[in-house]
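Notes to accompany the following structure.
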Amino acid sequence: MTEGVWSVNVSPDRGVFVSVSRRNVLAFGAVGVVAAAINAGGLSGIANARAAQGVTVAQRALPVFGAGGTTLAQTVVPGPANSQGYRKLVDGPGENYSARVLPGAPTGNIDFLPSFRITAFGHISDLHIVDDQSPARVEFLDRFANTDEHPDPYPTGSAYRPQEAMSTQITDAMVRALRNIGRGPLTRIPLKFTIVTGDAVDNAQFNETRWYIDLLDGGKTILPDSGFIGRDQSVSGVALTAEASYWHPDLTAATPHNTYNLAGFAAMPGLLAAARRPFTSTGLGMPWYAAYGNHDVMVQGNLSVGTTVPINAQSIAVGNSKMLGVNTQLPVNFKDAGVFTAVDVFTSGVTNTRVTADPNRRLMSTSDFVNEHFKTSGTPVGHGFDPNNGGKFAFYTIPSADSDMVQYITLDSTNSDGDLLSIDKAASGCIDNFQWQWLQNVLIKNSSRYWDGGKIVHQSGVKDKLFVIFCHHTISTMTNLIPKSGSTTNPIPQNPKHSGTELASLLLNFPNVVLMANGHTHRNEVVSHARPSTSPLGAGGFWEVSAASHIDWPVQSRIIEIATSGENVMIFSNTVDLDAPLSSGGDTSTPMALASLARELAVNDVQERDSTRRGDIDDRNVQLLVPMPFKLPALKVLYQSAATNQLYRGDQNSGSGVLAGTSTSVTTRTDGTWQCTFISPDNVVWTQNVNGGSPAGPATMPRPAAGTSPTITATTDGGYTIAFVAEKTLSLWVIDQNGNARDTVNFVLPNTSPTIAPLPNGGWRAAFTSWDGWLTAADAGSSARVAPGLQPAPGTNPAIATDTAGNFKIAVCGNGSNRLVTVTNTGTVVDTGKTMKAGTSPAITHLPTGGYQAVYHGTDDFLYEVGDAATRRTEGGLLVADNTSPVIHALPTGGYMIAINARGGNLWLVGPDNIGTPYTTTTLAPRTNPALTH
């Protein structure tokens, strides 16, 4: 291959391709081609994105229980450089979450603590599993990016990487890291799946694709070798070339003029052989899904695998001729390259060498790549791709049950329809029109309201879901609109391509879209996309979260979690480092040691030493807020601080003091607002909502009895009722929303408190222990013993819950036995046989699906549940603080949540998934219980 014309292209994600044209003289402007490629996805896209980041509110130390293995606990950073600029890696401090709010969204009075968990998943991108011995690679272009030889370097710095022989070991270490973490560090939800957002492989080859699938599946023998197995034929091996622009680890003595030896890279004899040794893959141990990237579909991410004119890409890949360089010298500085033709540069020929051909290097079409995912031992079979279209399409939705709150959508953002005339755009992305129409239909299906371009469309009977979009390209790199014909002069009107700008506009028309996760730029980055303040849909938008690559520093992945609190959807993303030591210490005997070495080499790559791919502090561990687009489960959590005895909602200090040793009660009114009651430090029953607080009744109202706490319920007529025990008389009093207080003339046992629940007629029903020790229920007009002979234990409080028909169930700690006993309005008594901690009280709620669920503090201090949903001890054995009792609240959208003052004074939440989550770093006041409502 000494005859022909070459053109040079650099992809925005560091992909490089060189093409050969036989007998055709094609003129290219080097500066124009390469600069266009950068602007398509790298530097200008990042710069433009940074201009609209959104508001970073604060660095927040949220209550993370499972931070181990993530950068919340510890980071990996470059250490000081030696005289040659080489840096070892060192431990750095963990990084807190950066809380960020969309531009235009309110930033005041935000509850930043997530109270309802929705989902958690892993996010890996740009693995770039490399067959570094492939003839279809052009490593010789990398030298033009070296600043020591080219002060104004060529942007070709990804043609060769010193660590690329260890790409399989890097991915195995990242897979192991995600598997070991296993849960969202904040929500503690088990990772539902891991998504690979494209560029799983580097060169669209079969062997690379097989390695990648087997690495993620686990339990497979990975043989990262090709061609002549056991004989290295890479440019790093001395048998192929002694070129000074490559690192040759097998050379026992440093070469004086070798670029990498001068940069501090030491000799490591036997490294390449070690990197080619077979090993058994770890596997994610969870379902995983795949998105399609430009390197998965195109040679070096730039040229269609089906190209036959002017070169046959497939023949080169499976052939036996390896390109090593050219004999014509390019200008030293990129700015001086000017306009040239390939003939001018390469008339003196291409330098080749013979290598061993390998059919496993064959290039994969879209259908080949998609269908290979059905040859898997992992789940799900096909990893998201649809088996019914023969591999024709690489976009899909992840199956979503009606009860799921999230619909995941995976897009194919690649465009391989160009030819050599459009190769400068090839690495960038778009959305084709067929997929565009499909996407709109998917979005409409689970949106009760959206903007159609002229009006807000309201759809009744539609199940709203949050939308999470997966794709490879970032919004700013979807600029490749080359039509199907492959020529800008002969477009196909019925299948136009849509840009990232268009895609962002479309997604902003659907308020339920909250997140896009992608890769491509090899950089940790978070970009906000907000609706204009004038939008009829109101404030909101979505966040774009991009993950770094595995092949370049910082060699990281992400975990993404979604939760709600108050009026916001909350997206948490934190970066994850390899499961590998900081240094291999020269060891090359294990895949873990090789992964460690590869990461160290990546940070020292001579073109990457000033890399910004790690991202800014607010691109890494982030808390991203989106105004809630529709009614989602969310909790208001109230509690008293141990330091001040002041009332908190979430992490917001209300400024109201609470009498020490008493607890707060909270409810949600029919208009969706919350209302609480508590005893002030001067011993007055107060009520408070988001607008502030005041005494609940008139000044003539008696003060509450010592050792008691008030209780509140919303009533179906839109109001609320507070019940408390009056001092001196120990009579049960009630107060309505208008401040009217009255004595029910029911007398309560000292040191016990009532509970109260709504009735369908707008009234209320209270449960309490009467002055003579019997369990009693009362409403506005009457009272009666519930079950003759049933006495709650002294110092404990009964709990009552009602259904929509007015039936009720009461739970008590039985006198004498301390066993949990329930009784219904029909007098049915059930001794559950569950023994409670003496002096503690149960809590009970009516489930929206029917039945009841109770919780209690066990004799062993663990939290327990009993009822129609589950009977169990909580996951991990969650310890309840001394002299406190749990609370439980049913969510109208389904499920329930439990809150406790946990051992140590931390507030924990537990859901029906039996997973406990720390809620706040604020220590709760001793002997007090938190309060919950939706």
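Please read all numbers here as calculations on a predicted model, not as lab measurements.
Electrostatic pairing of Arg161 and Asp142 does not count as a salt bridge here, judged by no charged N lying under 4.0 Å from a carboxylate O. With respect to Arg137 and Glu164, a salt bridge is recorded, a charged nitrogen being found less than 4.0 Å from a carboxylate O.
Between Leu324 and Phe140 the shortest side-chain heavy-atom distance does not fall below 4.5 Å. When side chains are defined from C-beta on, Thr280 does not count as touching Ile222, because their heavy atoms never get closer than 4.5 Å. The closest side-chain heavy-atom distance from Val603 to Arg87 is below 4.5 Å. Put simply, the side chain of Tyr86 reaches to within 4.5 Å of the side chain of Arg609, judged on heavy atoms. Met166 places none of its side-chain heavy atoms less than 4.5 Å from the side chain of Pro591. Between Phe228 and Asp358, the closest side-chain pair of non-hydrogen atoms is not below 4.5 Å. At least one side-chain heavy atom of Trp247 sits under 4.5 Å from a side-chain heavy atom of Asn261.
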Between Glu608 and Arg613, is a salt bridge (charged side-chain N to carboxylate O under 4.0 Å, His left out) present by the stated rule, with each step listed? CA-CA 9 Å; Glu608 288 289 314; Arg613 298 184 193 275; 3.1 Å; yes
Apply side chain to side chain contact (heavy atoms under 4.5 Å, CB included) to residues Asp202 and Ile129 and explain how you reach the verdict. CA-CA 6 Å; Asp202 189 66; Ile129 299 298; over 6 Å; no
Could you give me the CA-CA distance, side-chain angles and deciding distance for Asp605 and Leu601, then say whether side chain to side chain contact (heavy atoms under 4.5 Å, CB included) is met? CA-CA 6 Å; Asp605 187 346; Leu601 299 179; over 6 Å; no
List the steps, then state whether side chain to side chain contact (heavy atoms under 4.5 Å, CB included) holds for Thr75 with Arg614. CA-CA 11 Å; Thr75 55; Arg614 189 167 178 247; 3.9 Å; yes
Full working for side chain to side chain contact (heavy atoms under 4.5 Å, CB included) between Met364 and Glu208: CA-CA 10 Å; Met364 305 278 281; Glu208 294 176 340; over 6 Å; no
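Judged by distance alone, with hydrogens and angles left aside, the side-chain atoms of Asn524 form no donor-acceptor pair with the main-chain N or O of Gly615 at under 3.5 Å. Panel note: side chain Thr590, backbone Ala593; a donor-acceptor pair is recorded below 3.5 Å. Of the possible donor and acceptor atoms, none in the side chain of Ser596 sits under 3.5 Å from a partner among the backbone N and O of Ala580. Side chain of Asp172 to backbone of Gln169: no donor-acceptor contact under 3.5 angstrom is found. Using a distance-only test at 3.5 Å, with no hydrogens or angles considered, a donor-acceptor pair links the side chain of Asn480 to the main chain of Ile482. Under the 3.5 Å distance criterion, the side-chain polar atoms of Gln233 are matched with a main-chain donor or acceptor of Thr356. Panel note: side chain Thr477, backbone Thr474; a donor-acceptor pair is recorded below 3.5 Å. Under the 3.5 Å distance criterion, the side-chain polar atoms of Asn320 are left unmatched by any main-chain donor or acceptor of Ala357. Side chain of Ser428 to backbone of Met478: no donor-acceptor contact under 3.5 angstrom is found. Asp616 places no side-chain N or O within 3.5 Å of a backbone atom of Asp619 that could act as its donor or acceptor partner.
Between the CG atom in Asp214 and the OG1 atom in Thr221 there is a gap of 9.0 Å [rounded to 0.5 Å]. Taking CG from Leu215 and NE2 from His550, the interatomic distance works out to 11.0 Å, rounded to the nearest 0.5 Å. If you take OG1 on Thr414 and NE2 on His473, they are separated by 7.0 Å, rounding to the nearest 0.5 Å. Atom CG of Leu272 sits about 4.5 Å away from atom CG of Asp232, to the nearest 0.5 Å. Distance CG/Asn207 to OG/Ser226: 5.5 Å, rounded to 0.5 Å. Rounding to the nearest 0.5 Å gives a distance of 9.0 Å between CE of Met298 and CG of Asp199.
Screening residues 580-589 for salt bridge (Lys or Arg N to Asp or Glu O under 4.0 Å) gives no qualifying pairs among residues at least two apart or on separate chains. Within the structure, salt bridge (Lys or Arg N to Asp or Glu O under 4.0 Å) contacts touching residues 312-322 (residues at least two apart or in different chains) are Glu139-Lys322. The salt bridge (Lys or Arg N to Asp or Glu O under 4.0 Å) contacts involving residues 236-259 comprise Arg143-Glu243, where partners must be two or more places apart or lie in separate chains. Pairs passing the salt bridge (Lys or Arg N to Asp or Glu O under 4.0 Å) check and including a residue from residues 577-586, sequence neighbours excluded, read Arg176-Asp579.
Arg599 pairs by the side-chain hydrogen bond (donor to acceptor under 3.5 Å, both in side chains) definition with nothing, not counting sequence neighbours. By the side-chain contact (heavy atoms from CB on, under 4.5 Å) test, Ala547 pairs with His123, Ser125, Arg558, sequence neighbours left out. Scored by the side-chain contact (heavy atoms from CB on, under 4.5 Å) test, Arg362 finds Phe206, Gln314, Val318, Asn360 as partners (sequence neighbours excluded). Asn518 is linked by a side-chain hydrogen bond (donor to acceptor under 3.5 Å, both in side chains) to Glu544, Ser546, counting only residues two or more places apart in sequence or in another chain. Scanning for side-chain hydrogen bond (donor to acceptor under 3.5 Å, both in side chains) contacts around Asp132 gives Arg276, with sequence neighbours left out. Legend: residues meeting ring pair (Phe, Tyr, Trp, His ring centres under 6.0 Å) with Tyr246, ordered by chain and number and at least two apart, are Tyr160. Taking the side-chain hydrogen bond (donor to acceptor under 3.5 Å, both in side chains) definition, one finds that Ser315 meets it with Asn312, sequence neighbours left out. Taking the side-chain contact (heavy atoms from CB on, under 4.5 Å) definition, one finds that Ser549 meets it with Asp126, His522, Ile551, Asp552, sequence neighbours left out.
The shortest heavy-atom contact between Val297 and Ala204 is C-CB, 4.1 Å. Scanning all heavy atoms of the two residues, the minimum distance from Pro249 to Ser236 falls at CD-O, 3.8 Å. Scanning both residues, Cys471 and Thr197, for their nearest heavy atoms gives O-CB, 3.4 Å. Closest heavy-atom contact between Ala602 and Trp553: CB-N, 3.8 Å. Nearest heavy atom pair, residue Thr241 against residue His248, reads O-CE1, 3.2 Å. Considering every non-hydrogen atom in both Asp368 and Leu363, the closest pair reads OD2-O, 4.2 Å.
Side-chain atoms of Gln205 and Asn203 form a donor-acceptor pair, as typed in the model, at a separation below 3.5 Å.
Under the 6.0 Å cut-off for aromatic ring centres, His128 and His295 qualify, their centroids lying closer than that.
By the neighbour-count criterion of 12 heavy atoms within 6.0 Å, atom CZ of Arg231 is sparsely surrounded, having that number or fewer from other residues, nucleotides or ligands.
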